[in-house]
Amino acid sequence: MNVLERAIIYATEKHQGVYRKGRKVPYILHPMEVAQIISTMTDDIEVMTAGILHDVVEDTDGTIDEINEKFGKRVASLVATETENKYHGLPKEDTWQMRKEESLVVLRNTDDMGVKMLWLGDKLANIRSLASGYAEKGEDIWQLFHQHDPDKHLWYYKEVAEALELDLNRTGAYKEFIQHINFIWPGTFTIDKERYKKFKEYSVEGCEIIGKGAKGTVYRYNDEIILKVYNEKNTFKDIERETYLARSAFVAGIPTAISFGIVQVGDHYGSVFELLDSSPISALIAKDTSRAKYYAKIMADLARTIHSTTCEGIDLPNFKDEIQEWISGGIAHDDPELTDKITRLIVDLPDTGTMIHGDFHTGNIMMQGSEPFLIDMDTLSTCHPIAELAGIYMSYVGFGELDPTFVENFMGFSYEISKDYYHEFLKDYLETDDEARIQEVYDKAALLCYTRLLRRVYKQGLELSPGRQEAHDYYLSRFKELIQKIDTLEF
């Protein structure tokens with residue numbers, strides 16, 4: 001017998017006596033259906049075998065080690081991606097959202113097509129069954145599940161669909177998956193989603209990199225076009241969202257480059273922007289550092305434009321929520337008293353109803369002649385401007401305090417110039433030569449920056465390596481020094 005046939009026998013024994021939810025159908029038919037769906041996308045027998053075994057660890061006494069021993073390392077690793085943490089001892093209805101969010105992280109972060117086909121096979125089999133039950137029982141169907149809210153199920157299936165679209169939207173399985181979603185939740189996706197979407201293909205081989213960010217890399221494709229290539233964590237929905245924000249900001253009076261097309265770059269999405277003979281300010285400063293003050297004023301004027309623009313009619317997140325996450329994931333691990341104080345400072349910040357860019361630095365400001373244009377609009381938010389100034393401080397000062405080369409590699413010019421640039425920016429932004437006034441705002445921005453940097457340290461785990469411990473101790477000492485003298489973040 002081959003590995004697939006052995007897996008069928010093994011899974012049949014493990015699932016013996018178990019039936020599908022709400023039906024007197026032997027459970028083994030579900031993994032058999034998953035394997036059959038996978039067979040329409042690939043002839044990789046290990047992926048089909050994982051389809052047969054995908055629920056063994058989650059729903060029986062089988063283990064990953066046992067699957068590894070019987071069916072091999074790759075099959076075991078594929079099954080592991082489909083195995084949720086059951087949080088034994090806690091009610092399943094209480095952990096549903098957490099389990100789904102954790103599993104989606106695995107899907108979004110994988111480049112393995114086998115994982116993606118396994119997920120599509122399982123979710124299509126599930127939604128086929130759900131659609132059949134929904135046709136018979138209507139809204140009563142939700143009472144059969146640990147999660148009774150249909151909107152939660154819709155959220156989960158939409159997230160899966162978005163994560164799989166680029167790689168699998170040409171398959172019949174994906175089209176059927178979308179059709180079932182639209183049957184249960186009419187109008188969720190346009191009819192276009194049910195057809196293979198052919199994106200124009202670009203190659204960035206040999207192209208100059210003109211900027212890098214958390215979401216992707218920006219290339220100079222030719223004299224007329226720049227191309228932003230998104231990383232593997234970004235879905236089509238993310239890119240549509242950024243396009244919406246860019247257009248909304250442009251209509252509101254903020255000069256921003258607007259994508260005129262979504263393309264495919266290898267296994268990634270890309271956005272195409274027409275910016276003739278444009279360059280990021282970072283590159284222009286690196287070419288001629290004597291012009292840094294000139295560009296600091298342009299950046300300051302642009303910041304004031306953004307920070308005076310209202311968000312009326314635009315669906316923007318409140319950046320305060322992001323800051324609260326910095327606090328809970330950072331300083332909260334160190335000092336409850338300081339946590340309470342910084343939390344109060346954030347809560348007391350007035351909701352101005354105006355925009356911030358959220359990732360405002362010279363790598364994201366393109367100059368076309370004498371006109372600046374913003375790119376990377378996916379972080380557009382609403383908040384008091386101090387949140388923006390903190391992010392700028394981090395880019396030009398905070399990141400370089402322990403390792404100046406970090407800023408130098410990011411910006412393309414020296415750390416000393418970077419620090420001077422931030423000072424000139426603040427001076428122009430505040431429209432003052434009063435050094436005491438500049439220092440006041442400098443310190444407030446720095447305090448928020450160290451709040452964020454402490455979160456970055458802890459994001460890799462609570463057990464700190466020697467290098468992370470050094471960074472933690474420095475950021476914490478600066479945080480403590482600043483918070484003792486700051487009673488409000490307003491300015």
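What you are looking at is a predicted structure, and each value in this text was computed from that prediction instead of being measured. These numbers come from the heavy atoms of this one structure, side chains and all, not from hydrogens, waters or symmetry mates. We count residues from 1, following the sequence as given.
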Chemist: Tell me whether K444 is salt-bridged to E440, with the criterion being a basic N under 4.0 Å from an acidic carboxylate O.
Modeler: yes
Chemist: Think K123 forms a cation-pi with W119, using NZ or CZ under 6.0 Å from the six-ring centre and within 45 degrees of its axis?
Modeler: yes
Chemist: Can you list the residues that meet the side chain to side chain donor-acceptor pair (under 3.5 Å) rule with R456, with sequence neighbours excluded?
Modeler: none
Chemist: When you check the gap from the basic side-chain N to the acidic O, do R452 and E322 get nearer than 4.0 Å?
Modeler: no
Chemist: Would you call R99 and E102 a salt bridge, using N to O less than 4.0 angstrom?
Modeler: no
Chemist: Given the side-chain rings of Y396 and H361, with only the six-membered ring counted for Trp, is the space between their centroids under 6.0 Å?
Modeler: no
Chemist: Would you check if the side chain of D376 reaches a backbone N or O of N364 as a donor-acceptor pair within less than 3.5 Å?
Modeler: no
Chemist: Work out which heavy atom in T354 is nearest to a heavy atom in S308; give both atom names and the distance.
Modeler: CG2-C, 4.2 Å
Chemist: Any carboxylate oxygen within less than 4.0 angstrom of a Lys/Arg side-chain nitrogen, looking at D378 and K228?
Modeler: yes
Chemist: Give the ring-plane orientation class for F413 versus Y421, where under 30° counts as parallel, over 60° as perpendicular and anything between as tilted.
Modeler: tilted
Chemist: Could you tell me whether R291 sits above the aromatic face of Y294, with NZ or CZ closer than 6.0 angstrom to the six-membered ring centre and within 45 degrees of the axis?
Modeler: yes
Chemist: Charged N to carboxylate O under 4.0 angstrom, D420 versus K293?
Modeler: no
Chemist: Could you go through Y219 and V229, starting from their C-alpha distance and side-chain angles, then the distance that decides it, and tell me whether this counts as side chain to side chain contact (heavy atoms under 4.5 Å, CB included)?
Modeler: CA-CA 8 Å; Y219 296 85; V229 180; 3.7 Å; yes
Chemist: Tell me whether the centres of the aromatic rings in H333 and Y458 are closer together than 6.0 Å.
Modeler: yes
Chemist: Partners of D473 by side chain to side chain donor-acceptor pair (under 3.5 Å), sequence neighbours excluded?
Modeler: Q469
Chemist: So, does H54 use its side chain to make a donor-acceptor pair with the main chain of V79 at under 3.5 Å?
Modeler: no
Chemist: Can D94 and L90 be said to form a side chain to side chain contact (heavy atoms under 4.5 Å, CB included), step by step?
Modeler: CA-CA 7 Å; D94 291 350; L90 295 174; 5.5 Å; no
Chemist: Determine whether K92 and Q147 make a side-chain contact, defined as any pair of heavy atoms from C-beta on separated by less than 4.5 Å.
Modeler: no
Chemist: Can you list everything that forms a side chain to side chain donor-acceptor pair (under 3.5 Å) with K297? Sequence neighbours excluded, please.
Modeler: D301
Chemist: Return yes if a side-chain donor-acceptor contact under 3.5 Å exists between H423 and Y442, otherwise no.
Modeler: no
Chemist: Any idea how F177 and Y157 line up, ring-wise: parallel (<30°), tilted (30 to 60°), or perpendicular (>60°)?
Modeler: perpendicular
Chemist: Heavy atoms, side chains only, cut-off 4.5 Å: are T243 and R241 in contact?
Modeler: no
Chemist: T379 side chain to H357 main-chain N or O, any donor-acceptor pair under 3.5 Å?
Modeler: yes
Chemist: For I417, does its backbone N or O pair with a side-chain atom of S414 as donor and acceptor, under 3.5 Å?
Modeler: yes
Chemist: Would you call H153 and W185 a side-chain contact if the rule is heavy atoms closer than 4.5 Å?
Modeler: yes
Chemist: Check whether any side-chain heavy atom of R108 sits under 4.5 Å from a side-chain heavy atom of E159, and report yes or no.
Modeler: yes
Chemist: In Å, rounded to the nearest 0.5 Å, how long is the span from CD1 of I225 to SG of C207?
Modeler: 10.5 Å
Chemist: Check whether any side-chain N or O of N109 sits under 3.5 Å from a backbone N or O of V105 as a donor-acceptor pair, and report yes or no.
Modeler: yes
Chemist: Taking the six-membered ring for Trp, is the centroid-to-centroid distance between F319 and H384 below 6.0 Å?
Modeler: no
